[in-house]
Number of protein chains: 2
Amino acid sequence: MEETPERLAGKPSWLLTQLAVHAHRLASEGFAEAGARGYHYRVLAALDEFGVASQAELGRRCNMDRSDVVAAVTELAERGFVERTQDPQDRRRNMVTLTELGRTQLCRLDRALDQAQEDLLGPLAAQDRQTLTRLLGVLLTHHQRA
Amino acid sequence: MEETPERLAGKPSWLLTQLAVHAHRLASEGFAEAGARGYHYRVLAALDEFGVASQAELGRRCNMDRSDVVAAVTELAERGFVERTQDPQDRRRNMVTLTELGRTQLCRLDRALDQAQEDLLGPLAAQDRQTLTRLLGVLLTHHQRA
DNA sequence: GCGCCAACGTTGGCGCCACCAACATACATG
DNA sequence: CATGTATGTTGGTGGCGCCAACGTTGGCGC
């Protein structure tokens with residue numbers, strides 16, 4: 001393997017984005033075995049944690065564009081993981097509910113993702129993992145406000 | 001802003017990929033002002049640091065697919081930032097050389113990227129920045145072998 | 001009540017990045 | 001010389017993030 005330019009290798013943004021590629025690949029491989037993508041997991045996770053929600057709400061929680069939520073919910077609904085019903089109180093909204101099947105799928109994806117975390121952080125000691133997670137958390141919350 | 005599911009917010013891979021989105025956005029905005037993308041910067045940086053190189057070599061150094069190198073080099077050549085000439089020793093290869101104009105562009109992109117780093121790591125103290133960079137580096141080198 | 005603005009869902013599209021398959025050419029190795 | 005392998009090139013795919021536009025529906029001020 002040829003060396004990568006120092007200009008890149010030293011920059012946090014390079015390390016971050018390149019490592020994110022690996023993280024994404026690890027997670028995606030697991031998801032793919034269940035026929036899912038990241039967007040599906042996000043939606044299922046949000047529904048499980050906060051219960052029935054409108055699509056707009058899901059978008060805000062999961063950091064997804066409204067239009068992408070549409071596609072994800074449609075795909076999840078086709079496989080019976082969620083149900084999409086019109087909100088009688090507000091006829092603009094779709095209420096998306098998690099089904100039993102969806103809960104099962106979420107568990108499956110959870111296992112895959114846990115494995116991915118393990119693979120991702122493999123070479124790090126528990127202490128370092130915690131430090132890394134903390135620092136990433138600080139930065140992310142900071143950038144999500146602005 | 002609604003809260004994001006704990007299932008996501010706690011996972012390093014989530015923090016990593018989401019923060020990478022911000023990092024990528026910060027860098028891209030800077031690059032865009034110079035009419036460039038990440039791929040262009042990578043190629044220019046590799047050429048500056050290691051001198052003339054074949055496209056395959058560039059791909060290995062910059063972690064890019066051969067086909068993507070073709071496009072990037074073509075675009076850079078159109079704007080006079082690099083020159084593509086056939087290697088007389090090995091007529092399969094294209095030797096890609098950085099021009100003076102290309103060096104100027106690289107400087108410009110460098111400034112933009114430095115600014116992005118600053119914005120990205122804004123809320124972190126020098127000590128924490130160093131720790132973060134180190135941990136990311138450890139993980140990245142680990143995953144690049146496998 | 002009416003008009004205006006905001007929110008929602010939906011469609012269609014775009015850009016960046018990562019990746020793959022296939023091919024022709026040219027080199028390397030047996 | 002035959003075989004295999006590296007290179008450049010073309011064309012295509014998929015995930016993710018994002019935007020513009022439209023029709024529908026609610027909410028609010030007047």
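We name chains A, B, ... by the order of the sequence lines, and we start the count at 1 in each one.
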Once you round it to whole Å, what is the distance between [atom2] of [N] and [atom1] of [X]?
X     : N      : atom1 : atom2 : answer
A/L58 : C/dT10 : CG    : C1'   : 15 Å
B/M95 : D/dT7  : CE    : P     : 15 Å
B/E75 : D/dT9  : CD    : P     : 13 Å

*When Ile, Leu, Val, Met, Phe, Trp and Tyr are grouped by side-chain heavy atoms lying under 4.5 Å apart, directly or through other members, which residues fall in the same group as B/V52?*
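Other cluster members: B/M95.
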
Just to verify, what does [X] make a side chain to side chain contact (heavy atoms under 4.5 Å, CB included) with, not counting sequence neighbours?
X      : value
B/R91  : B/Q86
B/D114 : A/K11
A/T4   : A/A9
B/E118 : B/Q115, B/R129

_Pairs counted only when both distances fall under 3.5 Å, Watson-Crick or G-U: show me the 5' to 3' dot-bracket for DNA chain D, [ ] for pseudoknotted crossings and | for other-strand partners._
||||||||||||||||||||||||||||||

*Contacts of type salt bridge (charged side-chain N to carboxylate O under 4.0 Å, His left out), residue A/D48, not counting sequence neighbours*: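 A/D48 satisfies salt bridge (charged side-chain N to carboxylate O under 4.0 Å, His left out) with A/R103, B/R7 once adjacent residues are dropped.
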
*Those residues that, when tested against B/E78, pass salt bridge (charged side-chain N to carboxylate O under 4.0 Å, His left out) (two or more places apart)*: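 Not a single residue meets the salt bridge (charged side-chain N to carboxylate O under 4.0 Å, His left out) criterion with B/E78.
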
*Those residues of residues 80-92 of chain B lying under 4.0 Å from DNA chain C by at least one heavy atom*: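 Those residues are B/D90, B/R91, B/R92.
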
*Base, backbone or nothing for each nucleotide of nucleotides 10-20 of chain D, written B, S, -, heavy atoms under 4.0 angstrom, 5' to 3'?*
BB---SSBBB-

*Nearest atoms (heavy-atom pairs only) where A/A45 meets A/L106*: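 Shortest heavy-atom separation between A/A45 and A/L106 comes out as N-CD1, 4.0 Å.
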
*Under 3.5 Å donor-acceptor, B/E83 side chain and B/V96 backbone*: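 No.
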
_Within residues 25-62 of chain B or reaching into it, pairs that qualify as ring-ring contact (aromatic ring centres under 6.0 Å, His included) - sequence neighbours excluded_ =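 Matches after skipping sequence neighbours: B/F31-B/Y41.
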
*Scan for ring-ring contact (aromatic ring centres under 6.0 Å, His included) pairs involving residues 5-26 of chain B, sequence neighbours excluded, and state none if there are none.*
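Of all non-adjacent pairs touching residues 5-26 of chain B, those that pass ring-ring contact (aromatic ring centres under 6.0 Å, His included) are A/H143-B/H22.
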
*Give a yes/no on whether any side-chain N or O of B/R60 is located under 4.0 angstrom from OP1 or OP2 of D/dT7.*
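Checking B/R60 against D/dT7: at least one side-chain N or O falls below 4.0 Å of OP1 or OP2.
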
*asked:* Is B/Q55 close enough to D/dA6 that one of its side-chain N or O atoms is under 4.0 Å from OP1 or OP2 there?
replied: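 Negative; the distance criterion is not met.
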
